[in-house]
Amino acid sequence: MRSTRIAVSAAMLGALALPVLSATAASAAPVAASALASSCSSLPPLPYEVHTKAVTIRSKATTKSTALGVLYRGHKFTVHKKSGNWLYITDKTTGVKGWVSGTYVYRDVRMCLD
């Protein structure tokens, strides 16, 4: 029983040490990372994207309003304004304008290391 605990403990320590070893290898090239990060802040913001199975485009910023269309996972669109947790958008594919719940859509974020 004791030898099993020792073997399991050694395996867990080995698993914990692996990310540390790979992190030191990744930090070996700071020049390439800093060259890439310097131009990062000058790039335009990333687009919004649907991060659920689907979200309904509505005529008003309420779930009781008329449905105008549907955006599916990974779909990109333009946001014009916000009202509470609702976003007024234009679907880039169909040109439909309307409101979507901000609960189901997110703006991807770019990490800059300036």
Side-chain angles (χ1 to χ4, degrees):
M1 173 101 164
R2 184 179 171 112
S3 62
T4 305
R5 274 193 214 155
I6 293 171
V8 170
S9 297
M12 290 179 67
L13 285 174
L16 291 173
L18 185 60
V20 173
L21 292 175
S22 63
T24 55
S27 63
V31 175
S34 64
L36 183 64
S38 64
S39 62
C40 178
S41 59
S42 63
L43 295 174
L46 294 171
Y48 282 83
E49 188 174 332
V50 177
H51 287 274
T52 187
K53 197 172 194 176
V55 64
T56 305
I57 303 172
R58 300 201 173 268
S59 60
K60 296 180 184 174
T62 176
T63 56
K64 306 275 185 201
S65 63
T66 307
L68 302 175
V70 177
L71 298 175
Y72 295 98
R73 182 185 305 272
H75 199 97
K76 294 183 176 44
F77 50 90
T78 305
V79 175
H80 301 288
K81 62 182 174 180
K82 296 180 183 181
S83 176
N85 195 32
W86 289 85
L87 307 171
Y88 186 74
I89 62 108
T90 299
D91 180 355
K92 290 183 177 182
T93 307
T94 63
V96 173
K97 293 183 180 192
W99 294 90
V100 296
S101 173
T103 304
Y104 306 108
V105 297
Y106 304 94
R107 177 175 237 159
D108 288 332
V109 179
R110 185 180 288 119
M111 188 168 116
C112 299
L113 304 173
D114 299 44

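The model shown is predicted, which means the values in this text are computed figures rather than measured ones. The figures here come from the full heavy-atom set of this structure, side chains too, leaving out hydrogens, waters and symmetry mates.
Between Gly98 and Ile57, the shortest heavy-atom distance links the atoms CA-CG2, 3.6 Å. Counting all heavy atoms, side chain and backbone alike, Tyr48 lies closest to Val79 at CD1-CG2, 3.2 Å. Residue Trp99 comes nearest to Ser59 through the heavy atom pair CD1-O, 3.5 Å, listed as atom of the first residue, atom of the second, then distance. For Thr56 against Ala67, the heavy-atom pair with the smallest separation is CG2-CB, 3.6 Å.
Applying side-chain contact (heavy atoms from CB on, under 4.5 Å) to Val55 and the options Ile89, Val105, Thr103 leaves one that passes, Val105.
Counting heavy atoms from C-beta on, the side chains of Val50 and Phe77 come closer than 4.5 Å.
Residues Val70 and Tyr88 are members of separate hydrophobic clusters, defined by side-chain heavy-atom contacts under 4.5 angstrom among Ile, Leu, Val, Met, Phe, Trp and Tyr.
For residues 48-63, the set of pairs meeting the salt bridge (Lys or Arg N to Asp or Glu O under 4.0 Å) definition, not counting sequence neighbours, comprises Glu49-Lys76. For residues 92-101, no pair satisfies salt bridge (Lys or Arg N to Asp or Glu O under 4.0 Å), with sequence neighbours left out.
Taken from CG in Asp91 to CG in Leu68, the straight-line distance is 11.0 Å, to the nearest 0.5 Å. Once rounded to the nearest 0.5 Å, the distance linking CG of Leu87 with NZ of Lys81 reads 11.5 Å.
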